[in-house]
Structure formats: C-alpha cells, structure tokens
Amino acid sequence: MNEQGSKSSGAAETGLGAAPPQAPGIEQLREQIDRLDRQLVGLLAQRRRVVEQVVQVKQQQDLPTFHPAREEDLISARRAQAAQAGLDPDYVEDLFRTVLRHSRVGQLRTLGRRGVRPGARVLIVGGGGSMGRFLAGWFTQSDYEVRVLDRVDWPQVGPLTAGLDLCLLAVPIGVTPAVAAEVGPRLPAGCILADITSLKGEPLKAMLSGYGGPVVGLHPLFGPATTTMDQQVVVVTPGRQREACQWLLDQLALWGNVLVETSADEHDEVMGIVQALRHFATFAFGQFLHARRVPILRALELSSPIYRLELAMVGRLFAQDPSLYAEIVFATPERLALLKDYIQSLQRNLGLVERGDKAEFAARFRQVAEWFGPFSEQALRESTFVVEKLVHRF
C-alpha cells in the first residue's frame, strides 16, 4: 500500500496520468483580446504624444507638415514587418495609412495655422459665397487681415483695395472676366490677383489684361464642405511674375494642399472631361431615374456595393447647388461640342445593341481595355478599396 501510494504520489508530481490542462474558455480569450486592444489604444496615445513633440520641432525649424518620402518608407517597412509576422500586408498598410492621415490632420490643426505672410491684407471678392467664406476662414486663422467685397460693397471698393497684398476672385465663372476688368485697375502695385474658378482660359486672360501686376489662376478641386486641406488638390495656372505669387502658393502648400501646375488650355480641356462631361452624364442619369420613378431605396437593397457607390455619386450631385453645376456644364461652346460628341457616341453604341452585335461589342470592349492599359488594374484595386470601405462603414 505504501509502495502503491508512493508510485501514485510520484505520478502526480511528474504529471503522469494527470488530466490535461484545460484550454482557455471564450470569456478568457475575450479578456485577452480586450487587454490587447487597450494596449493598442495606449500605444496610439503614446505615438500621438511623440507626434506633438515633432510638431514643436517643425514649428521651430519651419519644416513642412507632409513628408511623402518618409510616409512611403514607413509604409514599406510596416508591410515587410507584417509579412514576417504572418499578417496580411494590405491590412497593416490600411491601418497605418489611417494612423498617418489622422497624424497629418492633427499636425495641420497647429502647423496649418501658420501664415507665410501674417498680417498681409487679403481681399476676397465674392467672400459672401460659400467658397469665399471657406477661404476667408483659412486666411483669418493664419493671421491675415481679411476683407470681403460682395455686390453690395462696391461703393467701398476704393478703401477695400487700398494696400492689398492679395485679391482673390471667388465669383461665378460667367462674371469673373468682368469682375477682373473692374477690380484690376484699382489694385496697388505688387498685389497678387488670383481667381478660383473651374475655368481658366478666359478668367486668366481677363486678369492679365485688366491688371499689370502678379497674376495666377487657381482651381481648388474641393468644395466648402471640406474639413481639412490635407492632400486636397489645387490646380495652378501661371499668369505673370511667378516669384511674386510664390508666397500664396507656399501658403496653400502649408495648409496641406497638393499643388498641380498646368497651362490654362490643358486645364480647360481636361476639366471639360473630368467635370463638364461627367456632371452632365450624372445629371442625365439622375433625371432618367426620376422620369422612370425608379424606387431608389428598393434598388439599393438589391444592389451590389459598387452600384451603391455609383448611385451615391448621383445622389451627391443632386444634394448640391444646381447653379454651380450649370456654370460648369454651360461654361463654353467647346463644352457644348464635347457633350454633342458624347451623345453621338452613345447613339453609335446603342446601334450595337439594336443589331444584337455582341462580337463587335466585345471587340470594342477589348480595344478600350487595351487603351486603358495598366490603369485598369490600378482602377480595379482602388475601386475595390473604396467598396470595401463602404461595406465596412455601412
């Protein structure tokens, strides 16, 4: 009995014959996940505090907020680390791009308030409009002296233009040339004359004709609902005395904008496609849905994510100011000719369906696909990314 007891005792001590340890239950595993999640949040808070120190250094040394090469190096390093850790590199990249964007936006709240020429006098013609008010707010927060000239203020145009450093035209496309001709002769020497219209040819020509000083055309590719200028595109069309206009361009970049330079002719040709044609096609599609009384909510229930996104873009158009889009679509005779070409193209393609010519349809499809080239794969990746974001969001 003693011997048997001794053997039993030894087996217990060595674990021989003992019951295997129980696997953690679901609640224990969830507690581990919660603990790790809290650690992640704590690490993000630590990261933010270090970023705040970086902001102080950037302020002291007047360094830019956005460092594209640094960000891409960081993303590449984290992707490599993810692969080594057995994680999906795309998942880790998505996570860190979100972290980096929030970091940039946070930095811009401080660094973006810096003025390249604080105290400079800025007149926004059309400053009572939505885009004018939006820009006035940005200049004001960067310590510029902001003045506003609207239609009711024209009796005060003399005092308002006195001593100006920048005159920014934020009026509709159709009246921009006339306003430039009216205000240009009143500007002091050295003042920058700029506009923000989505058409550049005629406005730029009118500004150059009506004023002999520094001139630059601008086209912000965003609207007044934008909450941050982080990586928002502003098209720049040079006019005259580029060096004298540089402080304005530097200010836009400091706010976080990406500046893309082009000629007025190239800008207007591209915008005819990107804006006028696209807006017209979207308007026509929305009007067709309305005429057919398509049940939108039911259509959404039966739609794939990509169609939901397409329908969202249609709805987005009709949620905004119709006069703005009318200005863009009706802007020039060239845009009317472009729309006519588009309608004729639709009619030719409709002929394929009427004839039941699937072979010709496929041939034209392949021809266009070949013309798009590598962009098709890029477009597929980018649209898939957007669709997945939409699915996760809703």
Side-chain angles (χ1 to χ4, degrees), residues 129-131 169-178 195-206 217-224 233-235 237 260 262-294 296 299 306-307 309-355 357 360-361 363-373 375-376 379 383:
S130 56
M131 199 63 183
L169 307 183
V171 296
I173 298 172
V175 301
T176 298
D195 79 309
I196 59 167
T197 60
S198 59
L199 192 71
K200 293 273 73 80
E202 289 303 317
L204 191 63
K205 190 182 302 181
L218 303 172
H219 179 193
L221 299 184
F222 53 88
V233 175
V234 176
V235 180
T237 54
V260 179
T262 180
S263 67
D265 288 343
E266 182 187 35
H267 170 277
D268 292 349
E269 181 179 1
V270 172
M271 287 302 145
I273 300 292
V274 172
Q275 289 193 325
L277 176 56
R278 188 66 260 160
H279 295 332
F280 177 78
T282 303
F283 164 77
F285 183 47
Q287 188 184 48
F288 180 77
L289 295 177
H290 167 261
R292 294 291 294 260
R293 293 296 190 269
V294 173
I296 297 296
I306 191 67
Y307 184 74
L309 181 59
E310 291 178 355
L311 199 55
M313 297 309 296
V314 179
R316 178 184 175 87
L317 178 82
F318 289 97
Q320 299 180 72
D321 182 2
S323 63
L324 171 64
Y325 290 96
E327 285 281 334
I328 293 171
V329 173
F330 290 67
T332 66
E334 290 79 11
R335 292 188 174 180
L336 174 59
L338 177 66
L339 298 182
K340 288 182 176 179
D341 286 346
Y342 177 65
I343 297 299
Q344 291 172 3
S345 173
L346 290 177
Q347 291 173 338
R348 288 193 297 271
N349 287 325
L350 179 61
L352 295 177
V353 182
E354 291 174 333
R355 296 192 302 273
D357 196 342
E360 179 62 18
F361 176 88
R364 293 186 186 181
F365 191 106
R366 287 190 291 268
Q367 185 181 35
V368 175
E370 183 179 355
W371 177 77
F372 269 110
F375 175 70
S376 292
S383 60

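Side chains included, hydrogens not; waters and symmetry mates left out as well; all remaining heavy atoms used.
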Visitor: With heavy-atom distances below 4.5 Å as the criterion, would you say the side chains of Met271 and His219 are in contact?
Guide: yes
Visitor: Let me confirm one number: the NZ-CD distance from Lys340 to Gln344, rounded to the nearest 0.5 Å.
Guide: 8.5 Å
Visitor: Report yes if some heavy atom in the side chain of Thr237 is under 4.5 Å from a heavy atom in the side chain of Glu266; otherwise report no.
Guide: no
Visitor: So how far is it from Phe285 CZ to Leu311 CG, rounded to the nearest 0.5 Å?
Guide: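 So the CZ of Phe285 and the CG of Leu311 are separated by 6.5 Å.
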Visitor: Between Thr282 and Phe318, what is the shortest heavy-atom contact and its length?
Guide: O-CE1, 4.0 Å
Visitor: Kindly compute the distance separating OG (Ser198) from CG (Asp268), expressed to the nearest 0.5 Å.
Guide: 8.5 Å
Visitor: Cut-off 3.5 Å, side chains only: do Ser263 and Asp265 have a donor facing an acceptor?
Guide: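 Note: Ser263 and Asp265 side chains miss the donor-acceptor criterion.
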Visitor: Leu199 versus Arg335: any side-chain heavy-atom pair under 4.5 Å?
Guide: yes
Visitor: Do other residues, nucleotides or ligands put more than 12 heavy atoms under 6.0 Å from Phe372 CZ?
Guide: no
Visitor: Quick check: are there more than 12 heavy atoms from other residues, nucleotides or ligands sitting under 6.0 Å from CZ of Arg316?
Guide: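 Open: at most 12 neighbouring heavy atoms sit under 6.0 Å from CZ of Arg316.
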Visitor: Just by modelled atom types, is the Asp341 backbone N or O under 3.5 Å from a matching donor or acceptor in the Ser345 side chain?
Guide: no
Visitor: Supply the atom-to-atom distance Arg348 CZ to Leu352 CG, rounded to the nearest 0.5 angstrom.
Guide: 10.5 Å
Visitor: Can you tell if the side chain of Met313 reaches within under 4.5 Å of the side chain of Arg278, non-hydrogen atoms only?
Guide: no
Visitor: So, do Ile173 and Phe330 sit near enough that their side-chain heavy atoms are less than 4.5 Å apart?
Guide: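 A side-chain contact is absent here, since even the closest heavy-atom pair is not under 4.5 Å.
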Visitor: Could Glu360 and Arg364 be called an ion pair, given the rule that one side-chain N must be under 4.0 Å from one carboxylate O?
Guide: yes
Visitor: Report yes if the side chains of Asn349 and Phe361 come closer than 4.5 Å at any heavy-atom pair, otherwise no.
Guide: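 They are not in contact (no side-chain heavy atoms under 4.5 Å apart), so the answer is no.
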Visitor: Identify the two heavy atoms, one from Gly217 and one from Leu204, that lie closest to each other, and give their separation to 0.1 Å.
Guide: N-CD1, 3.9 Å
Visitor: Any side-chain heavy atom of Thr197 sitting closer than 4.5 Å to one from Leu169?
Guide: no
Visitor: Among Val260, Val235, Val274, exactly one meets side-chain contact (heavy atoms from CB on, under 4.5 Å) together with Leu221. Which residue is that?
Guide: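 Passing option: Val235.
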Visitor: Would you give the length of the straight line joining atom CD of Gln320 to atom OG of Ser130, rounded to the nearest 0.5 angstrom?
Guide: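 Output value for this atom pair is 10.0 Å.
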Visitor: Could you tell me whether Glu327 atom CD has more than 12 heavy atoms of other residues or ligands within 6.0 Å of it?
Guide: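 More than 12 heavy atoms, drawn from other residues, nucleotides or ligands, come within 6.0 Å of this atom.
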Visitor: Would Leu339 and Leu277 count as a side-chain contact (heavy atoms from CB on, under 4.5 Å) here? Give the steps.
Guide: CA-CA 6 Å; Leu339 298 182; Leu277 176 56; 3.9 Å; yes
